[in-house]
Amino acid sequence: TVTCPLAVFSSPPTLGMAPPVLNYQGLNAPPASFYGTVPGYEGTMPGTAGGFLPPPIPAVAPPQPRPDEPNWTIPLMSKDAAHAAFKEYVSGKCCYGSGPADEGVITNMEALNTYRYRLETFTESRSTEWNHEPFNGQPIDAYMQPAPGPWAIPVQPPSVFQDSTQVVKVPYTSSVKDCHDCQGKGKTPCKNCSGAGNVRRQRCSDCKGEGVNLCDTCKGKRQLLVFINLKVQWTNNKSEFVEEQSSGLKMDKLSKVTGKELFKDTQYMVYPLMGFPDPAVNQAADRLVKEHHTQFSQTARILQQRQTVELIPVTKVDYKWKEAFHSYLVYGNENKVNADDYPDTCCCTIM
């Protein structure tokens, strides 16, 4: 006997019979009415997160300017440090004579520092979706009492400024329903043989001639536990501003050195920088703080913000050697040197 959309045979069809024509494709995704409605979760959809839920309005006062603005002391390189870095650089060049490094006289030093401003906003966002799994006797609690709201469910956050995701079942939403895919029978027609038990007069290897297989959705259990999942996502949203530096150094060289942290401020919400010696950094901080608040406060809960200013030291050093003037750059915490116009070079061959 063949019943559509399912086919259930009391015994395997006779070997050699032409397979019956079945219109079974498997539902897999249940209709929206399958899940029902839970108060407070009316917009929840099956299969995919139902969009980010607006967070509750924070009961925290907006950030205020710091009463004690930091003393922006920008460290300067000494002549001795610049000279030592130059000598070390030249000593590692087999084709460079040591004269300019040993005999050159420093005439001027100019700071061409590059500043990196970074703003981090650590947010928590929540979304919900209907889900199901084979019923194996799990607890059933639907409608025993009202389900808590999505933002009322306690979830332990990770360490601040670290991305993380956690999925939990929403309490009082779990119920049991007959499997929508097999209509509660636990088996579905074999797709390989269309329920006939044989393919080209040979016994079907997928269903071993039975014409049916265990339902993939309920794993043969006939029933499903239906529930709402809450997905909590913590994200460290970063934005950076790197001042356009005027030293002429290529960015690939700057990326290979480290900088010095001049300032760090961590609060629930930070106030933009004020009084930094470089106006471009102040402007970038003000812009990024406003952008982060506009971008994230509507769809996520801001848990913490952190702003830092990092100095990538770059010093131009002018020196005189043999009545001619030359220059080199010292950059990074590592005091790397760039001297493109070194005046005493020769062609050499390493044997």
Side-chain angles (χ1 to χ4, degrees), residues 70-120 238-265 273 275-288 306-351:
N71 180 19
W72 301 109
T73 301
I74 310 301
L76 299 176
M77 171 167 275
S78 67
K79 286 187 177 181
D80 289 343
H83 188 211
F86 194 33
K87 292 188 66 173
E88 182 179 356
Y89 168 76
V90 172
S91 67
K93 301 286 186 179
C94 64
C95 297
Y96 282 20
S98 61
D102 291 338
E103 305 162 6
V105 177
I106 294 177
T107 59
N108 185 56
M109 293 176 62
E110 180 183 3
L112 302 175
N113 296 324
T114 296
Y115 300 102
R116 178 187 290 120
Y117 173 82
R118 179 185 293 115
L119 176 64
E120 300 168 85
K238 298 179 184 179
S239 294
E240 287 186 350
F241 167 79
V242 179
E243 180 193 25
E244 184 177 353
Q245 53 95 24
S246 58
S247 66
L249 271 175
K250 294 181 179 180
M251 287 305 296
D252 64 330
K253 289 192 174 183
L254 285 176
S255 65
K256 295 177 182 177
V257 296
T258 59
K260 299 178 181 179
E261 188 177 275
L262 297 179
F263 174 72
K264 178 187 288 186
D265 179 27
L273 288 178
F276 191 75
D278 192 316
V281 176
N282 291 320
Q283 294 169 7
D286 184 70
R287 173 176 56 83
L288 291 177
R306 177 169 63 192
Q307 59 180 344
T308 57
V309 179
E310 183 185 14
L311 163 70
I312 304 177
V314 181
T315 302
K316 180 184 178 185
V317 182
D318 298 321
Y319 67 99
K320 183 179 180 180
W321 183 67
K322 290 186 176 180
E323 304 304 320
F325 291 91
H326 309 276
S327 64
Y328 60 90
L329 295 171
V330 185
Y331 60 98
N333 285 344
E334 298 81 359
N335 286 345
K336 295 287 186 180
V337 171
N338 186 80
D340 292 335
D341 67 340
Y342 192 76
D344 187 11
T345 61
C346 64
C347 296
C348 58
T349 303
I350 299 177
M351 302 300 292

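What's counted below: heavy atoms across the whole structure, side chains too, no hydrogens, waters or symmetry copies.
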What's the spacing between [X] [atom1] and [Y] [atom2] if we round to 0.5 Å?
X: Tyr115; Y: Ile312; atom1: OH; atom2: CD1; answer: 11.0 Å
X: Tyr117; Y: Leu288; atom1: OH; atom2: CG; answer: 6.0 Å
X: Lys260; Y: Leu311; atom1: NZ; atom2: CG; answer: 7.0 Å
X: Met109; Y: Met77; atom1: CE; atom2: CE; answer: 6.5 Å
X: Lys238; Y: Glu120; atom1: NZ; atom2: CD; answer: 5.5 Å
X: Leu76; Y: Thr315; atom1: CG; atom2: OG1; answer: 7.5 Å

Is any side-chain heavy atom of [X] closer than 4.5 Å to a side-chain heavy atom of [Y]?
X: Phe86; Y: Ile106; answer: no
X: Ser247; Y: Tyr331; answer: no
X: Leu254; Y: Val314; answer: yes
X: Tyr342; Y: His326; answer: no

Indicate the atoms forming the closest heavy-atom contact of [X] with [Y], along with that distance.
X: Gly97; Y: Val90; answer: O-CG1, 3.6 Å
X: Pro313; Y: Asn113; answer: CA-OD1, 3.4 Å
X: Asp344; Y: Ser98; answer: OD2-N, 4.4 Å
X: Asn333; Y: Gly259; answer: ND2-O, 2.5 Å

Check for a donor-acceptor pair, side chain of Tyr319 on one end and backbone N or O of Ala101 on the other, with a separation under 3.5 Å.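 It does not hold such a pair.
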
Could you check whether any side-chain N or O of Glu334 sits under 3.5 Å from a backbone N or O of Thr258, counting only pairs where one atom can act as donor and the other as acceptor?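 Present.
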
For Gln283, all residues meeting side-chain hydrogen bond (donor to acceptor under 3.5 Å, both in side chains), sequence neighbours excluded: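 So Gln283 forms no side-chain hydrogen bond (donor to acceptor under 3.5 Å, both in side chains) with any residue.
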
Test: salt bridge (charged side-chain N to carboxylate O under 4.0 Å, His left out). Region: residues 84-98. Which pairs qualify, not counting sequence neighbours?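 Those involving residues 84-98 are Lys87-Asp102.
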
Does anything in residues 310-320 form a salt bridge (charged side-chain N to carboxylate O under 4.0 Å, His left out)? List the pairs, not counting sequence neighbours.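 Pairs touching residues 310-320 that pass the test: Arg116-Glu310, Lys320-Glu323.
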
Output field: ring centroids Tyr328/Tyr89 closer than 6.0 Å: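 No, the ring centres sit 6.0 Å or more apart.
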
Hey, do the aromatic rings of Phe263 and Phe276 have their centres closer than 6.0 Å?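 Aromatic pair excluded; centres sit 6.0 Å or further apart.
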
